[in-house]
Amino acid sequence: MDVRTRYAPSPTGVPHLGNLRTALFDYLLARHFGGQFILRIEDTDRTRYDPNALQGLLDSLTWLGIDYDEGPDIGGPFGPYVQSERLAGYQAAAARLIEQGDAYECWCSSERLDAVRAEQTRTKQPPRYDRRCREPQGQREARAEAEAEGRGHVVRFKTPLTGDVSFQDAIHGEMTFALATLDDFVMLKSDGYPTYHLAYIVDDEAMRISHVLRGDEWIPSAPRHMLIYRALGIEPPVIAHVPRVLGPDGSKLSKRHGATSVFEYRDQGFLPEAVFNFLALVGWSLDDKTEIISRADFIEHFSLDRIVKNPAVFNVEKLTWMNGVYIRDMPEAQLTETFAARLDADLPASVARPIDRDLVARIAPLIRERVKLLSEVAGYCDFFFAEGLTYSTDELLGKAFTARPDDAKSALESAVIAIDGGTWTHDALEASLRALADELSVKAGDLFSLVRVAATGKRVTPPLFESMAILGRERCLERLRAAIAKL
RNA sequence: GGCGCCAUCGUCUAGGGGCCCAGGACGCCGCCCUUUCAAGGCGGAGAUCGCGGGUUCGAAUCCCGCUGGCGCUACCA
């Protein structure tokens with residue numbers, strides 16, 4: 001069997017991490033079996049439609065490196081890949097179901113539906129459609145009312161009143177539901193658009209989808225879908241209800257938990273490779289110990305039966321750690337390019353553009369193991385680029401010299417003398433300053449801190465002597481003298 | 001209210017009757033390394049496997065009940 005999976009998001013806003021995780025599983029499954037991964041846009045809800053969302057959807061997949069074989073922007077043999085352009089198919093399916101006696105027109109007004117539900121809720125009855133239009137008599141009356149008011153109708157599925165429906169879920173196993181608890185759900189809305197239930201089934205069939213992965217909030221709807229498959233004579237695809245991604249408080253991941261959009265993570269400086277790795281590991285694992293897994297290995301080893309059933313809380317801390325791992329493991333050329341691009345965005349306008357690639361290439365090895373997020377890069381190395389340093393005398397003196405600024409001043413003066421004539425290399429600088437500390441009977445660390453702030457304007461920096469070496473003799477001495485002048 | 005899903009360290013997870021008085025990772029704590037901060041190394045705390053029954057010589061693992069969390073119950077997906 002050809003494995004064909006799809007990611008079928010609704011263009012209603014910014015792509016959500018939870019959806020993307022499911023998309024990732026779809027992608028991995030398709031690639032694992034050498035099949036196809038399809039992108040389909042489910043824009044059947046005109047009230048929530050956001051014209052800007054499509055681009056976001058596309059961009060999020062591109063950023064994560066999840067490539068699809070068929071989709072709205074690239075076409076494919078089963079297009080169009082946008083549901084609003086496939087209305088005829090849903091309408092035909094609905095018509096066929098009516099003809100078969102598996103569905104019927106419902107002319108009830110939403111006001112009546114609301115009233116019915118309100119009454120049911122009040123009397124502690126399960127709220128659901130009372131099936132007025134399921135009977136010819138009721139339907140005639142409702143239709144007359146509707147036509148008098150100029151309203152249209154919906155098409156509802158005629159759910160059998162008794163019996164069970166069962167289906168096999170690839171993750172949960174066999175599931176059985178009593179039909180008596182279901183109602184006659186809407187398949188086609190009065191605006192002629194289908195609901196999800198009809199639309200996805202018609203499209204999956206048309207697009208030869210073999211596996212459906214979706215959030216487990218769909219489980220309660222699955223029996224309806226089985227009914228439609230049966231009525232339409234369609235062999236259901238493999239269905240896998242995957243656990244959802246939750247916020248730290250155990251509720252649905254949402255805005256108030258922080259970033260839910262990939263773009264926010266991208267902007268904070270997470271690497272797509274890290275997000276990919278992390279996301280693939282929420283709800284799935286390779287074994288009992290492997291955390292860092294390449295895309296190729298995910299594809300090689302991915303399988304539905306290692307997806308867990310329970311929901312997962314999104315753990316940004318672990319993502320952040322993982323991002324650091326990916327930064328540390330990145331090839332140097334790529335690292336330089338990544339850092340440079342980020343610096344280009346983060347460094348103040350006063351720094352000349354383009355950012356000096358050679359300089360970044362020299363700095364990158366010094367800071368790579370300190371950086372967990374790209375957003376931290378500038379903070380670690382802006383002093384290499386900036387001209388004027390801003391720091392307070394307190395910062396300069398630190399704990400060691402706060403009580404004796406004069407000693408600090410003379411120490412810096414001696415430092416200038418000690419290093420000015422020597423060779424300007426890491427080793428030479430360190431040797432001179434260590435000797436000086438000895439000579440002054442000052443702790444090496446204290447002297448280094450003093451020089452560090454003078455040279456970089458910060459108390460926390462990349463390794464001092466390497467930094468000074470990169471800074472160069474002129475700029476470094478100039479900064480030390482500026483520090484002396486402050487004291 | 002009805003229907004359903006889920007349940008192992010704070011979090012992500014391994015485990016599928018004896019290998020588990022439960023392994024790994026993040027985070028946390030300590031030590032080492034060390035010019036700051038990291039990274040790295042070593043070590044530690046942290047889970048009576050939600051609770052109660054049952055099956056079994058033996059249960060985190062199988063069964064039942066309960067509890068809890070979550071979801072669905074729309075002309076949203």
Side-chain angles (χ1 to χ4, degrees), chain A residues 8-10 12 19 42-45 47-48 106 108-110 113-114 117 120-129 152-156 169 172 175 177-178 180-183 185-197 199-200 214-223 241 243-244 246 248 250-252 278 281-292 306 308-322 324-325 328 366-372 380 398 430 433-434 437 443-453 456 458-465:
Chain A
S10 293
T12 54
N19 299 116
E42 307 214 327
D43 60 343
T44 56
D45 183 353
T47 63
R48 294 202 304 158
C106 170
C108 293
S109 70
S110 37
L113 263 22
D114 289 345
R117 260 192 297 272
Q120 287 164 333
T121 307
R122 195 182 66 76
T123 58
K124 306 271 187 223
Q125 299 294 114
R128 58 183 167 192
Y129 181 55
H153 67 277
V154 302
V155 175
R156 289 182 185 273
D169 183 288
H172 298 269
M175 309 193 102
F177 293 81
T181 63
L182 266 43
D183 67 351
F185 57 94
V186 173
M187 291 188 298
L188 206 62
K189 306 180 228 179
S190 56
D191 61 4
Y193 280 68
T195 59
Y196 169 81
H197 311 299
Y200 101 81
R214 71 198 351 172
D216 60 15
E217 71 270 27
W218 286 104
I219 288 176
S221 298
H241 288 104
R244 283 155 337 113
L246 308 177
S251 70
K252 196 170 152 235
F278 180 79
L281 246 26
V282 358
W284 188 87
S285 62
L286 175 61
D287 55 26
D288 59 343
K289 53 175 81 67
T290 315
E291 305 282 345
I292 304 300
R306 288 195 66 83
V308 298
K309 293 176 178 165
N310 46 308
V313 172
F314 188 81
N315 183 188
V316 203
E317 252 119 58
K318 187 156 179 175
L319 205 210
T320 305
W321 161 77
M322 195 172 275
V325 173
R328 276 172 249 134
L366 263 40
I367 64 172
R368 77 179 316 161
E369 67 215 24
R370 280 153 243 267
V371 172
K372 287 202 175 79
Y380 274 117
E430 175 165 8
L433 289 175
R434 275 194 194 284
K443 277 197 272 183
D446 290 343
L447 178 64
F448 296 168
S449 286
L450 195 59
V451 175
R452 182 188 309 281
V453 178
T456 69
K458 299 169 194 288
R459 297 201 66 84
V460 174
T461 71
L464 179 59
F465 308 113

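What's counted below: heavy atoms across the whole structure, side chains too, no hydrogens, waters or symmetry copies. Lettering follows sequence order; numbering is per chain, from 1.
For H172(A), a side-chain nitrogen or oxygen approaches OP1 or OP2 of C6(B) to under 4.0 Å. The side chain of K189(A) places no N or O atom within less than 4.0 Å of a non-bridging phosphate oxygen (OP1 or OP2) of A74(B). A sub-4.0 Å separation between OP1 or OP2 of C75(B) and a side-chain N or O of R156(A) is present.
Figure legend. C70(B) is base-paired to G4(B); pairs are counted as Watson-Crick or G-U wobble with both atom distances under 3.5 Å. Base-pair partner of C51(B): G65(B) (Watson-Crick or G-U wobble, both distances under 3.5 Å). Base-pair partner of A60(B): not found among the strands shown (Watson-Crick or G-U wobble, both distances under 3.5 Å). The partner of A22(B), taking Watson-Crick or G-U wobble pairs whose two distances both stay under 3.5 Å, does not exist in any strand shown. Nucleotide C42(B) forms a Watson-Crick or G-U wobble pair with G30(B), both donor-acceptor distances falling under 3.5 Å.
The closest donor-acceptor contact from the side chain of R434(A) to the backbone of A444(A) lies at 3.5 Å or more, if one exists at all. Looking at H241(A), its side chain never comes within 3.5 Å of a backbone N or O of H172(A) through a donor-acceptor pair. Distance alone, capped at 3.5 Å, places no donor-acceptor pair between the D216(A) side chain and the I219(A) backbone. A donor-acceptor contact shorter than 3.5 Å links the side chain of T181(A) to the backbone of A178(A). Checked by atom type and distance alone, the side chain of T44(A) never pairs as donor or acceptor with a backbone atom of T195(A) at under 3.5 Å. A donor-acceptor pair under 3.5 Å is absent between the side-chain atoms of R128(A) and the main chain of Q120(A), judged by distance alone.
Of all nucleotides listed (G4(B), U36(B), C76(B)), C76(B) comes nearest to the side chain of T195(A). In this structure, of G40(B), C3(B), U35(B), it is C3(B) that holds the atom nearest to the side chain of T181(A). Picking from C75(B), A77(B), U36(B) the nucleotide with the shortest atom distance to the side chain of R117(A) gives C75(B). When each of C75(B), U35(B), G2(B) is scored by its nearest atom to the side-chain atoms of P126(A), the top-ranked nucleotide is G2(B). Listed candidates were G1(B), A77(B), A39(B). Nearest to the side chain of E217(A) is A77(B). Among the nucleotides C6(B), C76(B), C75(B), the one closest to any side-chain atom of R48(A) is C76(B). Closest approach to the A312(A) side chain among C12(B), C75(B), A39(B) is made by C12(B) (side chain taken as heavy atoms from C-beta onward). Here the nucleotide nearest the side chain of T44(A), chosen from A39(B), A77(B), U36(B), is A77(B). Residue L113(A) has its side chain nearest to C75(B) when only C3(B), C75(B), A77(B) are considered. Residue Y380(A) places its side chain closer to C37(B) than to any other of U36(B), A39(B), C37(B).
If you check every strand for non-hydrogen atoms under 4.0 Å, P462(A) touches a base. In this structure, F465(A) reaches the bases: a heavy-atom distance under 4.0 Å links it to at least one base atom across the strands shown. Contacts of G283(A) with the nucleic acid, taken as non-hydrogen atoms under 4.0 Å apart, involve only primed sugar atoms and P, OP1 or OP2. Backbone-only contact: V186(A) has heavy atoms under 4.0 Å from sugar-phosphate atoms and none from a base. Across all strands, V451(A) comes closer than 4.0 Å to no nucleic acid atom at all (heavy-atom distances). P243(A) comes within contact range of no nucleotide atom at all, as no heavy-atom separation falls under 4.0 Å. Residue P127(A) is in base contact, counting any heavy-atom pair closer than 4.0 Å across all strands shown. Across all strands, M175(A) comes closer than 4.0 Å only to sugar-phosphate atoms, never to a base (heavy-atom distances). Nucleic acid contact for L281(A): sugar-phosphate only, since backbone atoms but no base atoms lie under 4.0 Å from a heavy atom of the residue. H153(A) comes within 4.0 angstrom of no nucleic acid atom, judged by non-hydrogen atoms across all strands.
If you take CZ of R434(A) and P of U36(B), they are 9 Å apart, rounded to a whole angstrom. Atom CG in D216(A) sits roughly 14 Å away from atom C1' in A77(B) (whole-Å rounding). Going from atom NZ of K443(A) over to atom P of U34(B) covers 16 Å, rounded to whole Å. Per the geometry, CG belonging to L246(A) stands 13 Å off P belonging to A7(B), to the nearest Å. One can place CZ of F448(A) at 11 Å from C1' of U36(B), the figure rounded to the nearest angstrom. Atom CZ in R122(A) sits about 23 Å away from atom P in U73(B), given to the nearest Å. For the pair L182(A) CG and G4(B) P, the interatomic distance rounds to 11 Å; values are reported in whole Å. Remark: P of U11(B) and CZ of F278(A) are 14 Å apart, rounded to the nearest angstrom.
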What nitrogen or oxygen pairs link the protein and nucleotides 15-19 of chain B at under 3.5 Å?
unit_1: G15(B); atom_1: OP1; unit_2: R306(A); atom_2: NH1; d: 3.0

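C49(B) and U8(B) are spaced 4 Å apart, taking the C1' atom of each and rounding to whole Å. Look at the C1' atom in both A47(B) and A14(B): the space between them is 14 Å, to the nearest Å. For the P atom pair drawn from C26(B) and C70(B), the interatomic distance equals 29 Å after rounding to whole Å. Between C42(B) and G50(B), the distance separating the two P atoms is 32 Å to the nearest Å. Nucleotides G17(B) and C76(B) have their P atoms positioned 46 Å apart, rounded to a whole Å. When the C1' atom is compared between C28(B) and U11(B), the two are found 12 Å apart, to the nearest whole Å. Nucleotides C12(B) and C3(B) place their C1' atoms 30 Å apart, quoted to the nearest Å. Atom P of G18(B) sits at a distance of 32 Å from the matching atom of G4(B), rounded to the whole Å.
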Original post:
In the 5'-to-3' direction, what one-character label does each nucleotide of nucleotides 20-27 of chain B receive under the scheme B = base within less than 4.0 Å of a protein heavy atom, S = sugar-phosphate only, - = no such atom?
Top reply: ---BBBSS

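Contact record, S190(A) with G152(A): CB-C, 4.3 Å, taken as the closest heavy-atom pair. Taking all atoms of both residues into account, the shortest heavy-atom contact from K189(A) to D45(A) is NZ-CA, 3.8 Å.
Distance check: M187(A) CE to C106(A) SG gives 11.5 Å after rounding to the nearest 0.5 Å.
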**OP:** Let me see the working for R368(A) and Y380(A) under side-chain contact (heavy atoms from CB on, under 4.5 Å), right down to the final yes or no.
**Re:** CA-CA 10 Å; R368(A) 77 179 316 161; Y380(A) 274 117; over 6 Å; no

Original post:
Please walk me through it: do R370(A) and V460(A) pass side-chain contact (heavy atoms from CB on, under 4.5 Å)?
Top reply: CA-CA 11 Å; R370(A) 280 153 243 267; V460(A) 174; over 6 Å; no

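Both tests pass for R214(A) against the ring of Y200(A): distance under 6.0 Å to the centre and angle within 45° of the axis.
Taking the six-membered ring for Trp and thresholds of 30 and 60 degrees, F278(A) and F314(A) have ring planes more than 60 degrees apart, a perpendicular arrangement.
Interface remark: the R459(A) side chain does not form any donor-acceptor pair with the U36(B) base, using a distance-only criterion of under 3.5 Å.
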